[in-house]
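Structure first, commentary second.
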Amino acid sequence: MLNEQYNFFESVEQSFDKAAKFTKWDKGLLEQIKACNSIYSMKFPVKMDDGRIEVIEAYRVQHSQHKTPCKGGIRFSNAVNQDEVMALASLMTYKCAIVNVPFGGGKGGIKIDPRQHSAYELEKITRRYTAELVKKNFIGPGIDVPAPDYGTGEREMSWIVDTYTSLKPGEIDAAGCVTGKPISQGGVHGRKEATGLGVFFGIREVCNMPEIMQKLGMPIGIVDKKVVIQGLGNVGYHSAKFFREGGAIVVAIAEYEGAIYKTDGLNEEEVFQHRKKTGSILNFPGATNLAKSSDALEMDCDILIPAALENVIHADNAPNVKARIIGEAANGPLSPEADEIFIKRGILVVPDMYLNAGGVTVSYFEWLKNLSHVRYGRMEKRFQENMNKHILGQMENLAGKQVSKKEKDYILHGADEIDLVHSGLEETMIGATREIMDIWHANPSIPDMRTAAYVCAINKVAISYVELGIFP
């Protein structure tokens, strides 16, 4: 397991080195960007429900402080180790840089299987972990801001913010010490669907680029494109939802128990409810079963969205993938060998390091909300509605006609928090996609979009270091 995780970190460094050749920066500066600045490895005792003492292994890595605070999730998993956390923290640095979120990269992990612990045990572990971070100044709204990751969610984030607040009485911005919180504790509307929606916005922008679509031999736009989704967790579910609502046809959905196929498209909510009722996505009415989940990856489609596990597409199955566009919604779903195969085959891989940045983008919006102490839309919503009502009234008077109630409601609507969050995410993903493509077009020797994304990230982090005066 250690070797496997080391290879994950090594693959991040390989991708970095591959992209660094296309930049102008000094070798010493590149080495600084690549290095993890601070690594906190800890062990602490927690008393379990049966009275025994268990020593918990945990980590927090701050990869880069070129901008502060550091930002990155906390995962609960038996697979957690230092190499994995270092790799994920470094990816957070590059991800934040690409989408212009002013954070350095961080990541945390606790080596436990959350399914083997009661809620009370998980609460004690989470609160003790938070207290350890506070002791070493590894958490705070201006220092390091965790978030949910694999095995964690709103509940764990609420325990973190409560523990931090109790240890830092009177800190007015304490709610900003963590993101992904419940709405009642300073969370933001739109966080749950953020990653899946960001995946949709990123792929849609790629599909709206005439030169890219011409190169791939595909029509412009997302409408009627056949999409395969691997994984029906939070990211896969919302990716499927927004692709379907955007006019694409979700022809297949895969989960660990197998996959289902339906030519005229699947509705993700109906599939979700079927699985909830039967325990499996298989035997969904009107759909064809595929015995092996991995078979869905090799189906005939326009867009393939791996949204679950790492390393699901590799040297063995990459030659059989028929999609023209692969959108990495999961972290690291492609091996480096698969990347090389797709470059040779002319298949476009839209890389995870920016495509699944919807979560950190909306986390940034939540952090800003916590620092401003006001929800989005509170000050301008009614002003917008009153102004829109006045303008529409004038237009109707001049035209002598009335618009329909449906259109009137749409025009008069003032932006709620969720509208503004979705709008900000859309702007972020469109801007990041165009920046990466501009770098790629400016240097045709860059082999793929992943390398172009790394070049984009390296340039931004390097400029920050130079502007700080650390490097000439």
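If you read the sequence from its start, that first residue is 1, and numbering goes on from there.
To the nearest 0.5 Å, atom NZ of residue Lys71 and atom CE of residue Met92 are 6.5 Å apart. Atoms CH2 and CE, from Trp159 and Met157 in turn, are 9.5 Å apart once rounded to the nearest 0.5 Å. Distance check: Met86 CE to Leu88 CG gives 11.0 Å after rounding to the nearest 0.5 Å. How far CD1 of Ile110 is from OG of Ser77: 11.5 Å, rounded to the nearest 0.5 Å. How far CG of Asp352 is from CD1 of Ile326: 12.0 Å, rounded to the nearest 0.5 Å. A distance of 13.0 Å separates CD in Glu245 from CD1 in Ile222, rounded to the nearest 0.5 Å.
Within 6.0 Å of atom OH in Tyr150, 12 or fewer heavy atoms from other residues, nucleotides or ligands are found, so the atom counts as exposed in its surroundings. Atom CD of Glu54 is surrounded by more than 12 heavy atoms from other residues, nucleotides or ligands within 6.0 Å. Other residues, nucleotides and ligands contribute at most 12 non-hydrogen atoms within 6.0 Å of the CZ atom of Arg382. Counting non-hydrogen atoms of other residues, nucleotides and ligands closer than 6.0 Å to NZ of Lys322 gives a total above 12.
One N or O on the side chain of Glu417 and one on the backbone of His189 form a donor-acceptor pair closer than 3.5 Å. Of the possible donor and acceptor atoms, none in the side chain of Asp416 sits under 3.5 Å from a partner among the backbone N and O of Asp419. Remark: side-chain polar atoms of Asn356 are not paired, donor with acceptor, to backbone N or O of Thr195 under 3.5 angstrom. A donor-acceptor pair under 3.5 Å is absent between the side-chain atoms of Lys124 and the main chain of Val46, judged by distance alone. Panel note: side chain Asn267, backbone Glu270; a donor-acceptor pair is recorded below 3.5 Å. Of the possible donor and acceptor atoms, one in the side chain of Glu257 sits under 3.5 Å from a partner among the backbone N and O of Ile281. No donor-acceptor distance shorter than 3.5 angstrom exists from the side chain of Asp339 to the backbone of Leu334, with no hydrogens or angles considered. Listed for the Glu298 side chain is no donor-acceptor partner under 3.5 Å among the backbone atoms of Asp295. Judged by distance alone, the side chain of Tyr261 and the main-chain N or O of Met299 form no donor-acceptor pair under 3.5 Å. Under a 3.5 Å cut-off, the side chain of Gln185 and the backbone N or O of Ala175 do not form any donor-acceptor pair.
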Residue pair Asn283, Thr278: steps toward the side chain to side chain contact (heavy atoms under 4.5 Å, CB included) verdict: CA-CA 9 Å; Asn283 303 316; Thr278 67; over 6 Å; no
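A donor-acceptor contact closer than 3.5 angstrom is absent between the side chains of Thr152 and Arg75. Asp448 and Thr451 are linked by a side-chain donor-acceptor pair at a separation below 3.5 angstrom, with hydrogens and angles left out of the test. Looking at Thr179 and Ser363, their side chains do bring a donor and an acceptor atom within 3.5 Å of each other. One side chain, His238 or Asn234, offers a donor N or O that lies under 3.5 Å from an acceptor on the other.
Using a 4.5 Å heavy-atom cutoff, the side chains of Gln116 and Asn78 are not in contact. In this structure, the side chains of Lys262 and Val271 stay at 4.5 Å or more apart for every pair of heavy atoms. Contact check for Ser294 versus Val312: no side-chain heavy atoms found under the 4.5 Å cut-off. Under the 4.5 Å side-chain criterion, counting only non-hydrogen atoms from C-beta, Ile303 is in contact with Cys207. A 4.5 Å side-chain heavy-atom check between Arg191 and Lys181 finds every atom pair outside the cut-off. At a threshold of 4.5 Å between non-hydrogen side-chain atoms, the residues Phe76 and His117 do not count as touching. Arg60 places a side-chain heavy atom less than 4.5 Å from the side chain of Ile74. Under the 4.5 Å side-chain criterion, counting only non-hydrogen atoms from C-beta, Val251 is not in contact with Leu266.
Using a 30° and 60° split on the angle between ring planes, Phe138 and Tyr40 fall in the tilted class, from 30° to 60°. Aromatic ring pairs are classed by plane angle as parallel below 30°, tilted from 30° to 60° and perpendicular above 60°; the pair Phe103 and Trp367 is perpendicular.
Minimum interatomic distance between Ile112 and Pro114 (heavy atoms only, all atoms of both residues): O-CD, 3.4 Å. Minimum heavy-atom separation, Leu355 to Met429: O-CE, 3.7 Å. Considering every non-hydrogen atom in both Glu268 and Ile253, the closest pair reads CA-CD1, 4.4 Å. Residues Val250 and Ile229 share a closest heavy-atom pair of CG1-CG1, 4.0 Å. The two residues Ile313 and Val321 come nearest to each other via the heavy atoms CG2-CG2, 4.3 Å. Thr263 approaches Ile249 most closely through the heavy-atom pair O-CG2, 3.9 Å.
Between Lys460 and Glu435 there is a salt bridge, with a side-chain nitrogen of the basic residue lying less than 4.0 Å from a carboxylate oxygen of the acidic one. Between Arg127 and Asp162, at least one side-chain N (NZ, or NE/NH1/NH2) sits under 4.0 Å from a carboxylate O, which counts as a salt bridge. Taking the charged nitrogens against the carboxylate oxygens, Asp438 and Arg434 have no contact shorter than 4.0 Å, which rules out a salt bridge. Between Arg204 and Glu426 there is a salt bridge, since at least one side-chain N of the basic residue sits less than 4.0 Å from a carboxylate O of the acidic one. A salt bridge links Arg450 to Glu328: at least one charged side-chain nitrogen sits closer than 4.0 Å to a carboxylate oxygen. Checked for salt-bridge contact, Lys381 and Glu385 meet the test: a charged N lies under 4.0 Å from a carboxylate O. Salt-bridge check for Lys18 with Glu340: passed, with a basic side-chain N closer than 4.0 Å to an acidic carboxylate O.
For His422 and Phe201, the ring centers sit 6.0 Å or farther from each other.
Tested against Tyr454 for a ring pair (Phe, Tyr, Trp, His ring centres under 6.0 Å), the candidates Tyr94, Tyr354, Trp440 yield a single pass: Tyr94.
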